4 protein chains.
Amino acid sequence: MNEIEKDRGPKFRRRAEARPDEVLDAALALFIEKGFAATRVEDIAKRAGLSKGAVYLYFPSKEAVLEALVRRAIVPIADSALQTLHDYEGDPRIVIGLVLNMLAARLSDPRILAMPKLIFREVLGFPELAQMYRREVIDRVIPAVEGLIRRGIDQGYLRQVDPSLTIRSIIGPLLLHVAMAELFGIMPEGGLHLDKLVDNHLSILFDGLSAPPSAKTWSAS
Amino acid sequence: MNEIEKDRGPKFRRRAEARPDEVLDAALALFIEKGFAATRVEDIAKRAGLSKGAVYLYFPSKEAVLEALVRRAIVPIADSALQTLHDYEGDPRIVIGLVLNMLAARLSDPRILAMPKLIFREVLGFPELAQMYRREVIDRVIPAVEGLIRRGIDQGYLRQVDPSLTIRSIIGPLLLHVAMAELFGIMPEGGLHLDKLVDNHLSILFDGLSAPPSAKTWSAS
Amino acid sequence: MNEIEKDRGPKFRRRAEARPDEVLDAALALFIEKGFAATRVEDIAKRAGLSKGAVYLYFPSKEAVLEALVRRAIVPIADSALQTLHDYEGDPRIVIGLVLNMLAARLSDPRILAMPKLIFREVLGFPELAQMYRREVIDRVIPAVEGLIRRGIDQGYLRQVDPSLTIRSIIGPLLLHVAMAELFGIMPEGGLHLDKLVDNHLSILFDGLSAPPSAKTWSAS
Amino acid sequence: MNEIEKDRGPKFRRRAEARPDEVLDAALALFIEKGFAATRVEDIAKRAGLSKGAVYLYFPSKEAVLEALVRRAIVPIADSALQTLHDYEGDPRIVIGLVLNMLAARLSDPRILAMPKLIFREVLGFPELAQMYRREVIDRVIPAVEGLIRRGIDQGYLRQVDPSLTIRSIIGPLLLHVAMAELFGIMPEGGLHLDKLVDNHLSILFDGLSAPPSAKTWSAS
DNA sequence: GATGAATGAGATTTCATTCAT
DNA sequence: GATGAATGAAATCTCATTCAT
């Protein structure tokens, strides 16, 4: 931060204030790989390039590392989703498309993908984690999306649907896509291809699976 | 059940062939509540009404309890879904509706809901679990659904979509609904109401979120 | 023992009073194979063809099985060695040769070989075992052999040696031969060949390793 | 050693590089006393002046302690025996006498005596131990001794005997002497007196138990 | 600030022994 | 007499956390 210290090449960045962040990076990788319970503090330390004891200089417990990890990651994501939600005013389908594509782009970065994976995996064991995530992310995003849908209905862009339940129809397919890939290794050939999933999903989400009646009539005639 | 025998303390129950099942029931409850790693074998035993050592009469290890648990639960579910998939031939939307409603009904039973919760939570730590689930459930259900969609497209019921990716659009919303409720306690007032979710989801899935063009025209004029 | 019971074919010997002996046979085999500590009572029971609980009808504890085992085996061996020691009066070398050859013949039977193996292995952990073995075997055999040697010296058959220490020179080579074979698998090709060992050993024991002085002279001239 | 540091309780000793050796010393004493199976890791730790967990800082398992123990002890002994065997060229009886006296001197140290006791006791349960002992000791010593005997025969020092079997006659008496003392408490008054045993044994080994024929004649006449 | 040796509570697993049937 | 389900003490090993240096 300071003018003299700045960022003087990677060689001189040892022992900087970035230490806690390096611990979090290491912990994230390991929590994803093996889970919270099966990750030893010593592993985290080793991967972060410092000693076991040093971890406790920055965090009072292993659990605190997990909490800090989640806190660090979720706020920016929620913020940028909310930003997009607020910036656009017209056809909500445009906004939904933008947000889903933004999400798809972000989640293609494994470092970011790691966070929801971690949260979904560990949240049952750490109620504070659930509360934090709810407070910081869910309780801010859901009302915004619900409002978006409600306005879309009011303005005639969308059919009459339950805004709250419809959120599941908008986000759920992404979650399942990621879950299938991460938990069972089931994904399109060559990778997640989240962009293709979003394309396919948006076309169904907006226009439905059903063939247009006219089309059917045409082909039948 | 008998008035005299009733449930008079655990000491006098011998040669109950239901023992392994009682252990599994106890383990399921605890694994869900606290996770596999944080559940002690002694907890399982106590809840099943026997001693720590007795658990090892029926299962060679704690991990074996988990595997048996999953095996016991998943096959029937997959079977009945496949049954429905095979029994109907015409409009695939009917079949999809039937299967989703069947799923909704089943998952309303907490004992059944517990299984996917458990699997999703622990599968990262137990590759064998993932393989078993894949083999027994996923690899049987996915091809059946893909075939259903493909035939629906060929017969003019459905629009041109990617059958494989579309599976995510069909199932994903249920997963998210359950996840929100179970992980963060976010659900409609008064309960999961999976039936309402499925209603809302099916209407979007088949007909899309977009208001019909004529409607828009009308409202705009 | 009784005229009627006798030994009426193997078919009718089930549930006879031989039960405890069958337990001991099974225990012996397993104690040899895996040691006392690593042998489970259930293994003994299974091998003896009865249930775990039945073992406790005959023996109050696992340790009691070991003691009974040793007691059963050692007395006859000591008896027959003592018999031979007492029966001969003249040249003690004849007696020593007879006894060693008798020992060699007996120890070629794995069932008999098992006992000293077992005793040597477990005696450190069971002082009572040591006492029993000492009382029943060692304290009867050693004085007899010492007396034999002493008389041999007095009668001019043997050189002046320490009778007590000489016992080690007489028996030690057999012990080492068996130990090398049993512990490390080091033995003559094709088996223990205890008879050959005894031949070689007796010739050294009586006449010494050294070449006769005259022979040396001859070969040198 | 230093007057101020002395041995002021276990709490203030840190970074002692001798730790693993202290653990081995403690383990040796206990394994001898109670056997491997009956010795708890906590006992070892307590005797070494540290905590249960600390043992696992130095050795990955209790079994590894045993292996390290044996490895530490046997190589020097085998080495010095081989040294003696190789250094002398002439009359093999001289070499045999030197080696046996060297062995006697060494085994008078209880710390060294403990090792063969331990190995003989536990080797049946740990095949790796047997292999290690064979590789490091037996397979190096036996060929050397066999060669010595063979050369002694060729050069006219020794009678025609089986070199391989004769090894038993050379070493066996020492083994039995030690075994009787350690297992049953049978030994000359006042201690092992291995030197006296070796004296008596060597005289028999080289010259035989039999009285010289001339002597017999003399005494008879 | 940093280290890593040390601790000790706690987890899984084994098995001799008991005892209702 | 026989069974084998059940117990529970005890053993090995792990690892979050502390603290002397």
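Just so it is clear, the model here is predicted, and its values are computed rather than measured. Chain A is the first sequence line, chain B the second, and so forth, proteins listed ahead of strands; every chain is numbered from 1.
If Gly53(A) and Ser61(D) are placed on DNA chain F by their nearest nucleotide, the residue sitting closer to the 5' end is Ser61(D). Where Ser51(C) and Glu42(D) each meet DNA chain F at their nearest nucleotide, the meeting point lying more 5' is that of Ser51(C). Comparing Phe36(B) and Ala37(C) by the nucleotide of DNA chain E that holds the closest heavy atom to each, the one mapping nearer the 5' end is Phe36(B).
Taking 4.0 Å as the cut-off between side-chain N and carboxylate O, Arg40(D) and Asp43(D) count as a salt-bridged pair.
No donor-acceptor pair closer than 3.5 Å links the side chain of Thr39(B) to the backbone N or O of Lys34(B). Of the possible donor and acceptor atoms, one in the side chain of Glu122(D) sits under 3.5 Å from a partner among the backbone N and O of Phe36(D). Remark: side-chain polar atoms of Arg47(C) are not paired, donor with acceptor, to backbone N or O of Ala27(C) under 3.5 angstrom.
dG10(E): Watson-Crick or G-U partner is dC13(F), with both key distances under 3.5 Å. Using Watson-Crick or G-U wobble geometry with both donor-acceptor distances under 3.5 Å, dT21(E) finds its partner in dA2(F).
Residue Tyr58(C) places at least one side-chain N or O closer than 4.0 Å to OP1 or OP2 of dA2(F). Regarding contacts with the backbone of dG1(E), every side-chain N or O of Arg19(A) stays at 4.0 angstrom or more from both OP1 and OP2.
For Lys52(A), counting side-chain heavy atoms from C-beta on, the closest listed nucleotide (dA5(E), dT3(E), dT12(F)) is dA5(E). Which of dA16(E), dT3(E), dA6(F) sits closest to the side chain of Leu57(A) comes down to dT3(E). Comparing atom distances between the Arg40(B) side chain and each of dA11(E), dG4(F), dT17(E) picks out dA11(E) as nearest. Between dT12(E), dC13(F), dT18(E), one nucleotide has an atom nearer to the side chain of Lys62(D) than all others, and that is dC13(F).
Atom NZ in Lys46(A) sits about 16 Å away from atom C1' in dA2(E), given to the nearest Å. In this entry the distance linking CD of Glu63(C) with C1' of dC15(E) reads 15 Å, nearest Å. When the P atom of dA11(E) is taken as reference, atom OH of Tyr56(B) falls 12 Å away, rounded to whole Å. As a whole-Å value, the separation of Ile44(C) CD1 from dT3(F) P is 15 Å. Taking atom CZ of residue Phe59(B) and atom P of nucleotide dA6(F), one finds them 12 Å apart after rounding to whole Å.
Heavy-atom minimum distance, Ala68(C) versus Leu24(C): CB-CD2, 4.0 Å.
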